[in-house]
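Down below is the structure, laid out as structure tokens.
We name chains A, B, ... by the order of the sequence lines, and we start the count at 1 in each one. Quantities reported herein were computed from a predicted structural model and do not represent experimental measurements.
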Protein chains: 2
Amino acid sequence: MEVTRRKSPVSTPGPQEPRRSLTLRDVSEASGVSEMTVSRVLRNRGDVSASTRARVLEAAKHLGYVPNKIAGALASQRVNLVAVIIPSLSNLVFPEVLGGISEELDDTGLQPVVGVTNYSPEREETVLYEMLSWRPSGVIIAGLEHTPAARAMLQNAGIPIVEIMDVDGEAVDAVVGISHHRAGAEMARRIAAAGYRRIGFLGTKMPDDHRARKRLEGFEAGLAEAGIALADREFYSGGSALLKGREMTQAILTRSPDLDFLYYSNDMIGAGGLLYCLDKGIDVPGRLGLAGFNGVELLDGLPRRLATMDACRREIGQRAAAIIAGRSTTGLVGGARIELTPVLQPGDTIRPA
Amino acid sequence: MEVTRRKSPVSTPGPQEPRRSLTLRDVSEASGVSEMTVSRVLRNRGDVSASTRARVLEAAKHLGYVPNKIAGALASQRVNLVAVIIPSLSNLVFPEVLGGISEELDDTGLQPVVGVTNYSPEREETVLYEMLSWRPSGVIIAGLEHTPAARAMLQNAGIPIVEIMDVDGEAVDAVVGISHHRAGAEMARRIAAAGYRRIGFLGTKMPDDHRARKRLEGFEAGLAEAGIALADREFYSGGSALLKGREMTQAILTRSPDLDFLYYSNDMIGAGGLLYCLDKGIDVPGRLGLAGFNGVELLDGLPRRLATMDACRREIGQRAAAIIAGRSTTGLVGGARIELTPVLQPGDTIRPA
DNA sequence: TCCGTGCATGATTGCGCTAACATCATGCCG
DNA sequence: CGGCATGATGTTAGCGCAATCATGCACGGA
């Protein structure tokens with residue numbers, strides 16, 4: 001690895017040396033009109049004659065002027081940012097939610113800004129504080145569980161707040177998501193109906209993944225309806241989810257060889273489990289059934305389709321963004337509650353009921 | 001301690017009725033000191049007596065005051081944001097780079113802000129313009145290829161710029177990455193040395209994925225050294241990468257059944273190809289060798305380890321962030337060029353040389 | 001001819017905060 | 001006991017822009 005140095009940071013390909021960054025004044029002097037007119041041209045607001053407009057645009061372009069949104073935002077009391085606070089980017093799920101948000105926001109003039117909490121409530125609080133200090137037009141935040149301080153900040157912010165992913169709980173303002181409790185219960189019923197009886201759960205250990213927790217609770221409740229109790233469980237944290245899925249599956253099957261179904265808290269470890277079972281020649285879904293959660297695209301490429309439930313990730317993003325966009329234009333207030341319905345996709349790893 | 005009440009616009013400071021958002025003045029009135037002192041306390045700057053500090057903090061907390069960074073940034077001409085511009089979030093690679101950046105920035109007071117271009121140069125230009133208008137302390141941007149306007153903006157911005165991922169080309173300022181050309185060539189040499197001769201390439205169609213393009217160019221150059229020409233190629237775009245890997249592998253093997261090696265432009269499609277080959281009972285690596293690129297964690301869970309090259313993703317993020325952090329504190333200027341060296345991991349899908 | 005009308009542009013003010021300097025006690029030294 | 005660091009606070013002046021209102025000017029109908 002080599003390191004070389006250049007002499008100057010700015011060798012201008014454009015016009016002059018921008019020692020101090022350019023302001024409206026520079027453009028106004030270059031084009032011979034007032035700052036106000038330049039401002040109007042650059043924002044396409046108010047009446048400006050075509051000739052003036054052209055002259056100003058030419059000058060701005062020639063100088064390489066980039067507006068200062070900080071000053072603009074302060075003066076206009078308007079910021080076109082939407083804070084999006086999510087636990088992780090490596091989860092596949094959240095980039096998809098983000099995709100939905102971006103798409104929906106694309107032609108509203110609003111722009112998402114992402115903050116990541118790593119599933120830590122304290123970090124969430126910090127990130128929220130940081131983002132609110134930029135006075136965004138709205139907040140989209142994953143989950144309904146927040147520290148008291150975070151909750152207070154959300155309530156006091158005076159902007160639209162949309163909590164996403166999860167509807168099982170008390171929302172600050174609007175909420176868009178699915179019921180993870182119900183999702184777990186539905187899967188449990190399906191499994192019970194298919195005749196499986198010795199059922200194991202494999203999932204994340206993280207105490208702050210409330211949605212996984214709720215799925216498990218719903219799952220156990222669903223099993224209970226059929227008089228079934230969870231036979232065994234196995235938890236993990238960190239590492240490659242696919243590999244963990246393999247290892248955990250091996251571990252739980254070694255410990256409880258009589259299990260006839262494994263419910264995974266997400267598709268990634270479920271996929272690992274599926275690969276493990278195929279490796280070992282285990283009869284799936286005859287001898288052993290499998291199911292995950294999320295409906296990730298990755299599953300399409302596996303040798304067999306893992307049973308799962310679509311978490312409506314993209315749509316959640318879109319709906320949440322639409323709420324922010326709608327409210328920030330209409331100025332209307334009031335928290336919608338949108339519960340989406342995930343669909344169980346039985347795939348090839350649950351035997352027919 | 002007694003609480004003195006004074007005539008204040010905010011009679012009920014609790015988490016209710018945030019009519020007009022709070023300012024330093026509100027805190028200053030509530031705590032009986034000047035705005036300046038409040039500002040000092042909240043920024044931990046300058047000398048403030050312990051008692052005053054406590055009083056101010058109490059007042060700020062009680063009111064639920066959140067500083068306005070817009071005003072602060074305008075006044076101080078300092079913004080603690082670092083713009084990070086990447087092509088995609090669904091690629092796995094970039095979240096990892098982001099992880100490296102966040103980690104490195106974590107205790108510098110700087111904060112990354114992410115913009116996504118979807119591999120579109122025009123979108124990159126737009127995103128860059130938007131981000132620069134917030135006057136960040138630095139820019140980390142993927143790739144060396146930009147529109148002329150984007151390049152000009154970067155050069156004129158007067159802040160540290162770090163181009164990442166790729167070092168094959170002309171940098172604006174600093175650059176941290178690997179040589180994809182070299183990476184492709186190295187893999188080609190290894191494949192040739194192992195005795196493979198009928199070699200196919202499978203990759204993305206996107207014309208703006210310059211790094212994939214450079215890997216292919218390097219790969220062909222490496223093969224040429226051994227007198228080998230690429231026997232066939234197959235391109236894709238969109239969809240589930242794992243599934244695409246399967247489909248493409250089937251397609252290319254149907255068309256050119258005599259191929260004895262497949263080089264994939266990324267691990268995801270490579271993994272799909274591997275699964276396909278295992279399904280079909282193809283002898284890997286005897287009859288057919290396989291290799292991908294990136295060294296993604298996912299590979300650890302596959303039935304067999306795909307040959308790949310680690311792209312140093314996390315380290316790239318860290319080094320880039322360190323450059324920004326270092327320069328923004330020291331004020332030093334000058335573009336470093338850091339070339340990392342990816343390591344070929346032969347896994348189980350190339351036969352020994 | 002006049003004044004109104006509408007368009008194009010300019011002047012003023014302040015958004016909320018911080019840099020820089022000013023002020024005013026203390027206390028401690030010789 | 002004088003003088004001057006030193007600490008603790010307050011005062012002033014913008015940062016770059018946009019809201020708002022003021023101004024100038026051409027045109028057209030009465």
What I want to find out is whether Arg319(B) reaches Glu104(B) closely enough, with some N-O distance under 4.0 Å, to be called a salt bridge. no
Please tell me if Arg43(B) has a side-chain N or O lying less than 4.0 Å from either OP1 or OP2 of dA19(C). yes
Does a nitrogen or oxygen in the side chain of Gln77(A) sit under 4.0 Å from OP1 or OP2 of dC17(D)? no
So, does Ser39(B) get its side chain near the phosphate of dT18(C), meaning an N or O under 4.0 Å from OP1 or OP2? yes
Can you build the contact string for nucleotides 7-12 of chain D? Use B for base contact, S for sugar-phosphate-only contact, and - for no protein heavy atom under 4.0 Å. -SBBB-
Atom-pair distance (NZ on Lys69(A); C1' on dC15(C)), nearest Å: 17 Å
Mind checking the NE2-CG spacing from His210(A) to Leu144(A)? Nearest 0.5 Å is all I need. 9.5 Å
Taking any heavy-atom pair under 4.0 Å as a contact, classify Leu74(B): base, sugar-phosphate, or nothing. base
With a 4.0 Å cut-off, would you call Arg327(B) and Asp173(B) a salt bridge? yes
Using whole Å, what does the distance between atom P of nucleotide dG16(D) and atom CZ of Arg135(B) come to? 9 Å
Do Ile161(A) and Ile159(A) touch side chain to side chain, with heavy atoms closer than 4.5 Å? yes
Enclosure of Arg43(A) CZ (heavy-atom neighbours >12, cutoff 6.0 Å): yes
CD1 of Ile70(A) versus P of dG14(C): gap in Å, rounded? 23 Å
Can you tell me the distance, in whole Å, between the CZ atom of Arg78(B) and the P atom of dG16(D)? 14 Å
Does the side chain of Ser76(A) get closer than 4.0 angstrom to OP1 or OP2 of dA19(D) through an N or O atom? no
Nucleotide dT18(C), atom P - distance to CG of Asn80(B) in whole Å: 12 Å
Tell me: CZ of Arg25(A) to C1' of dC15(D), nearest whole Å? 13 Å
How many whole angstroms separate atom CG of Leu24(B) from atom P of dC15(C)? 13 Å
